[in-house]
2 protein chains.
Amino acid sequence: MHATIIQEFKKHIQLTVEEEALITASFRYKKVRRNQVLVQPPDIALYEHFVISGCLVEYYLDDNGTQHTLSFAPQGWWMTDLRSFLMKQESRYFVETVEDSELLIVTREQYDELLRKIPLLNNYFRILYQNAIIGQEERLLNVLSTKVDERYLRFLKKYPQLENRLPQYLIASYLGVTPEFFSRVKSKISR
Amino acid sequence: MHATIIQEFKKHIQLTVEEEALITASFRYKKVRRNQVLVQPPDIALYEHFVISGCLVEYYLDDNGTQHTLSFAPQGWWMTDLRSFLMKQESRYFVETVEDSELLIVTREQYDELLRKIPLLNNYFRILYQNAIIGQEERLLNVLSTKVDERYLRFLKKYPQLENRLPQYLIASYLGVTPEFFSRVKSKISR
DNA sequence: GCATTTTCTTAAACTAGATCAATTTTCTTT
DNA sequence: AAAGAAAATTGATCTAGTTTAAGAAAATGC
C-alpha cells in the first residue's frame with residue numbers, strides 16, 4: 001500500500017529500512033470516491049495528499065462562481081493548498097477528487113517530524129519543489145504567450161492519459177477559457 | 001559584501017562561523033551595469049544569481065519577437081533559468097539586469113558542494129522554493145481570473161518599490177498585455 | 001547641448017474569447 | 001430501461017485586448 005510512496009522518495013534519496021517504516025507509519029491510507037471535497041476554503045488544509053491512484057484537482061472559485069483550475073494531480077503526484085498547509089492559514093483553493101482515488105495523507109505535524117527525523121527528506125522536497133517551479137513557469141508562459149488551440153495541443157502532449165479521464169469543462173478551465181469556447185476550439189481542430 | 005546573503009540564509013536556518021566562511025568563499029561578487037544579458041538562450045545558465053542591489057528580469061522571447069516577462073528579482077531575490085541551471089540543459093529564458101546591479105553568483109558545482117557540505121541548506125532552499133510555488137500559483141491565478149486593470153492594481157500593491165524603476169513596457173509584458181493597451185489602462189485608471 | 005534612439009500615447013480597425021440562451025448528448029440513478 | 005441531471009454543442013451578440021500606424025515625450029549617446 002505504501003510501496004508507491006517509498007519508491008517515489010527513492011527516486012531522489014536513499015532510505016534505511018527504519019526510515020521506510022517511519023514513513024509508512026506516518027502516512028495514512030485513504031480511499032475516496034470521485035467528486036469529494038478534500039480541502040474546502042476557508043478551512044485550513046489539514047493534509048498533504050500523495051496520489052496512489054485516481055486524480056485530484058486544485059481550483060479557485062472566484063466571486064462570479066467561475067472555477068479556475070490550477071493543476072491536476074494524477075498518480076505519483078502531491079497535492080494540497082500548499083500555503084494553507086504550510087502556514088496554517090485559511091485555504092483559498094479547493095482540492096477535490098475527479099475520480100475514485102487512493103491517497104496517502106500526512107498532517108503538518110507528521111510532515112515536520114518526518115523532516116526532522118529524516119533530514120534527507122529536505123533534499124527530496126527541495127528537488128520536488130524545484131521541478132514544480134519549472135513546470136509552473138512553463139504553464140504561466142503558455143497562458144501568456146499562446147492561443148487556446150496551441151495550449152490544448154500542448155496539454156494533450158503533456159497529459160495524454162488525462163484527456164479521457166477529465167470532464168471537458170475542467171480542461172477548459174485549466175486552459176483558461178469557457179467550456180463553450182473550448183468546445184468550438186476542439187471541433188475546429190478535429191476538422 | 002556577503003553580509004546580505006548570510007542574513008538571507010539565517011532567515012530560515014542557523015549557520016556556524018565556518019559555514020558562513022564557506023558560503024562567502026563560494027559566492028562571487030559581481031557588479032553589472034543595466035541592460036546586460038546574464039543568461040542568453042540557448043546558452044546553459046552557468047550561475048544562480050542572488051541580488052544584493054538593483055533588479056533582474058527573466059523573460060521569454062517568442063517566435064514573433066514578443067517578450068513575455070516571467071518574473072522580476074529585486075534586492076534579496078534569487079534568479080536564473082532554473083531548469084537550465086539545474087539540469088544543464090539549454091536555457092529558454094533570458095535573464096537581464098534592468099538596473100545597475102550588485103550580484104552574488106554561484107556555479108552549479110559550487111552550489112552542489114555547498115548543499116553537500118552544509119546539509120541544512122537543503123532546508124533553506126526547500127522553504128525558498130515552497131514560497132516561490134505559492135507566489136507563482138497566485139500569479140497564474142491572477143492571469144487566469146482577472147482583467148488587466150485589476151492585475152495592475154495588485155502589481156502595484158505587491159511591488160510598490162518597482163513601479164518607478166521599471167520601463168512601462170516591461171510591466172505590460174509582466175501583466176500579459178501589449179504596451180499600447182497597458183498605456184490605455186493606466187490613463188483610464190488615473191481618471 | 002543637439003541628435004538619435006527608445007519609450008509612451010492615441011486612434012481606428014480587427015479578433016480571440018466571453019456571455020447568454022436554447023438544444024442535444026451523455027452520464028447517473030433508480 | 002426510463003427519468004432526471006449534468007455536460008457538451010451551436011448560434012447570436014458583445015467586449016477585452018491586439019494590431020498597425022503615426023506622433024509626442026523621454027532617455028541616451030556623442
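The sequence lines fix the lettering, A, B, ..., with proteins before strands; numbering per chain opens at 1.
- Atom CG in B:N35 sits about 17 Å away from atom P in C:dT5, given to the nearest Å.
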### Query
Are A:L120 and A:E19 close enough, and set up right, to give a side chain to side chain contact (heavy atoms under 4.5 Å, CB included), and what steps lead you there?
CA-CA 10 Å; A:L120 260 188; A:E19 287 170 338; 5.9 Å; no
Show me the protein contacts with nucleotides 27-30 of chain C, counting only N or O atoms at under 3.5 Å.
| unit_1 | atom_1 | unit_2 | atom_2 | d |
| --- | --- | --- | --- | --- |
| C:dT28 | OP1 | A:R34 | NH1 | 2.5 |

### Task
Might you work through the salt bridge (charged side-chain N to carboxylate O under 4.0 Å, His left out) test for A:R154 and A:E150, ending with a clear yes or no?
CA-CA 6 Å; A:R154 290 189 194 180; A:E150 174 66 21; 2.9 Å; yes
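- Cation-pi contact between A:R165 and A:Y159: absent, since separation from the ring centre below 6.0 Å together with deviation from the ring axis within 45° is not met.
- Under 3.5 Å, the side chains of A:Q36 and A:T97 contain no donor-acceptor pair of N or O atoms.
- Remark: of the listed residues B:F72, B:Y169, B:F94, B:F94 is the sole one forming a ring-ring contact (aromatic ring centres under 6.0 Å, His included) with B:Y59.
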### Task
Go through B:E109 and B:R116 one step at a time and tell me if the salt bridge (charged side-chain N to carboxylate O under 4.0 Å, His left out) criterion holds.
CA-CA 11 Å; B:E109 285 65 33; B:R116 205 166 39 73; over 6 Å; no
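- Taking atom CZ on B:R33 and atom P on D:dT28, their separation rounds to 12 Å, with Å as the unit.
- Taking a 4.5 Å side-chain heavy-atom cut-off between Ile, Leu, Val, Met, Phe, Trp and Tyr, the cluster of B:V143 extends to A:Y60, A:L70, A:Y93, A:L140, A:L141, A:V143, A:L144, B:Y60, B:L70, B:Y93, B:L140, B:L141, B:L144.
- Proximity of a side-chain donor or acceptor of A:T24 to a complementary backbone N or O of A:E20 within less than 3.5 Å is detected.
- When the side-chain nitrogen and oxygen atoms of A:Q168 are compared with OP1 and OP2 of D:dT9, one or more of them lie within a distance under 4.0 Å.
- For the ring-ring contact (aromatic ring centres under 6.0 Å, His included) test, residues two or more places apart in sequence or in another chain that qualify with B:Y111 are B:F85, B:F125.
- A straight line from OH of B:Y169 to C1' of D:dA25 spans 16 Å, rounded to a whole angstrom.
- Atom P of nucleotide C:dA18 and atom CG of A:D62 are separated by 13 Å, given to the nearest angstrom.
- B:L166 has its CG atom 13 Å from the P atom of C:dT7, to the nearest Å.
- Atom NZ of B:K188 is separated from atom P of C:dC8 by 20 Å (rounded to the nearest Å).
- Listed by chain and number, the hydrophobic cluster partners of A:V32 are A:L38, A:V39, A:L46, A:Y47, A:V51, A:L56, A:M79, A:V95, A:L103, A:I105, where partners are ILVMFWY side chains within reach of under 4.5 Å, directly or through others.
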Taking only nitrogen or oxygen atoms into account, show me every contact under 3.5 Å that the protein makes with nucleotides 15-24 of chain D, one pair per line with its distance.
| unit_1 | atom_1 | unit_2 | atom_2 | d |
| --- | --- | --- | --- | --- |
| D:dT18 | OP2 | B:T178 | N | 3.1 |
| D:dT18 | OP2 | B:T178 | OG1 | 3.1 |

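- The ring of B:F50 has its center no closer than 6.0 angstrom to the ring center of B:F27.
- Where the helix from C:dG1-D:dC30 to C:dT30-D:dA1 starts and where it ends, the local axes point in directions that differ by 70°; five pairs per end, rounded to 10°.
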